[in-house]
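Since the model is a prediction, treat every value here as computed from it, not as a measurement. The sequence lines fix the lettering, A, B, ..., with proteins before strands; numbering per chain opens at 1.
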Amino acid sequence: MIEIKQVRKSYGSLEVLKGIDLTIDKGEVVAMIGPSGSGKSTLLQCINGLETISSGEIIVDGVSVFDKATNLNHLRRKLGIVFQSYNAFPHMTVRRNVTLALTKVLGVSRDQANAIAETQLQRVGLLAKADVYPTALSGGQQQRLGIARALAMGPSYMLFDEVTSALDPELVAEVLATLRQLSAEGMTMILVTHEMQFAREVADRVVFFHEGVIAESGPPEQIFGNPKSERLRAFVSRAG
Amino acid sequence: MSYNFQFGIVLDALPDLMQGAALSLSIAIVTMAVGIVLAMPLAVGSWNGKGLVTFLSRSWIELARNTPCLAQIYFFFYGLGAFGIFLSPWLAVGIALCFNNAGYLAEIFRGGLKGVNANQMKGARSLGFGPVGAYRYVVFPQVFTNTFSSIGNQFIWALLNTSLGALIGLYDLSGVAMDYQSRTFKTFEFFLAIAVIYFILAKLVLFLANRFKPGGARHAA
Ligand SMILES: Nc1ncnc2c1ncn2[C@@H]1O[C@H](COP(=O)(O)OP(=O)(O)OP(=O)(O)O)[C@@H](O)[C@H]1O
Ligand SMILES: [Mg+2]
């Protein structure tokens, strides 16, 4: 379970998160939507401690992320994250991208790491590309590599930050198919997305961000079918 | 008055010159290796460290790059003597060149670090790497690729700088030549010979560097 309690965060004088409360249960798929700059990416990166918070608390399976005693490197293995911009490691093959942290962080043997990599690359449909370098991959393939790399660490939660937003339309479908498959397997996921149709389809709950607060949240039917606030109504109709 | 060129003497001295060249090359290799290891934390510290770390790493880089290498060698050879520390010529040259190389390489790496996307660091940290592991396995391999030719140039500088060791009695390539010319008075011959040898060594280093340049094709976009 991920518990986000009264989280505030500022960049200098700019307050980006203004008191966020959100709880995500095991097995849940939560979609975060909202206009650009509303703080979605920031919150996602706070959950695994890549960004710090100004006040409040985030608790992952009973462990407080920002407690001084918390080993963040250890905690991050539970929280897979895939970013908006591709960040495959360009100096190593697709396979090595997946095995690097397995061998160097978890201490898994090369053979075992390769076996895990093959399983995960198969899962995202990239096994045939295992021995090429990431520059030879399309954007969609790079995102799927990011997903495989995160999954290889055996996370309990997966955080996705607009993983399709930088992709050409024809590449979006392949990435969404991978996400759909993960949700079918019961993975707990938080996904920031601009794909409303997709959010409606896979999410158990949709959270609408607006200017650093959660302006509205609820099941997809309610958020998309019967939005309460004018803001959300406008956002949904604009986003289609 | 005519000067009588005698390159035969140089040929006789060739085995000793080669031994000197081997010492020069070894010192260059070792001080470059140490320099690269030291330059990594220096580059990071001077770039995004804080407080004392930044001050110390910046000072190192500034001193190494803005004082003559000869002064650095003299400092470790004669200067430390004032504190009762007496180093042998090769140790003084070795330490001075490590200091010198680390400073120049840190500046090179600092530029290289800017060329590595911040997302790479985030990606590594998100997989559970600590800062050291992230730099070691993800960031610096890319910095090395970006700065490869500059590292090669620094290697050549290191090799040529070893010649300064002759001034404190190091029996490197220049030291051997100085010794022979003082005994035979064939100054021109010996210094021409070692100039040629340094030149060949430098070109050889460049050739090998280009030969083993990492990731040429795969980074070409
Ligand atoms: N490192 C930073 N330094 C200063 N301001 C930042 C930084 N990162 C984000 N911001 C600001 O914080 C606000 C929230 O950014 P964030 O990336 O979380 O928004 P978002 O909801 O993910 O938007 P988008 O849909 O465009 O990705 C924005 O105003 C942004 O400019
Ligand atoms: Mg964002």
Counting neighbours of [atom1] on [X] that are heavy atoms of other residues, nucleotides or ligands and sit closer than 6.0 Å, is the number greater than 12?
X        : atom1 : value
B/Arg136 : CZ    : no
B/Phe199 : CZ    : no
B/Tyr78  : OH    : yes
B/Trp60  : CH2   : yes
B/Lys203 : NZ    : no
A/Lys9   : NZ    : yes
B/Trp157 : CH2   : no

Would you say the side-chain atoms of [X] pair up with the backbone N or O of [Y], donor to acceptor, closer than 3.5 Å?
X        : Y        : result
A/His91  : B/Val139 : no
B/Gln120 : A/Ala88  : yes
B/Asn119 : A/Asn87  : no

Evaluate the side-chain proximity of A/Asn48 to B/Arg125: yes if any heavy-atom separation is below 4.5 Å, no if none is. no
What I'd like to find out is whether the side chain of B/Leu127 reaches to under 4.5 Å of the side chain of A/Leu102, using heavy atoms alone. no
Under a 4.5 Å heavy-atom cut-off, does chain B meet the side chain of [X], its backbone, both or neither?
X        : value
A/Glu51  : side chain
A/Phe83  : side chain
A/Ala136 : neither
A/Leu79  : backbone

Below 4.5 Å, heavy-atom pairs only: which of A/Asn73, A/Leu159, A/Leu72 has the largest tally toward chain B? A/Asn73
Scored by heavy-atom pairs under 4.5 Å with chain B, the best of A/Leu100, A/Leu106, A/Val132, A/Asn71 is A/Leu100
Steps toward side chain to side chain contact (heavy atoms under 4.5 Å, CB included) verdict (B/Lys122, A/Gln45): CA-CA 10 Å; B/Lys122 271 198 174 161; A/Gln45 298 196 13; 2.5 Å; yes
Looking at B/Gly123 and A/Arg149, what are the two nearest heavy atoms and their distance? CA-NH2, 4.2 Å
Show the nearest heavy-atom pair for residues A/Ile81 and B/Ser126, with the distance to one decimal. CG2-CB, 3.3 Å
Side chain / backbone / both / neither for B/Asn117 at chain A, heavy atoms under 4.5 Å: neither
Please round to the nearest 0.5 Å and tell me the distance separating atom CE of A/Met92 and atom OH of B/Tyr137. 10.0 Å
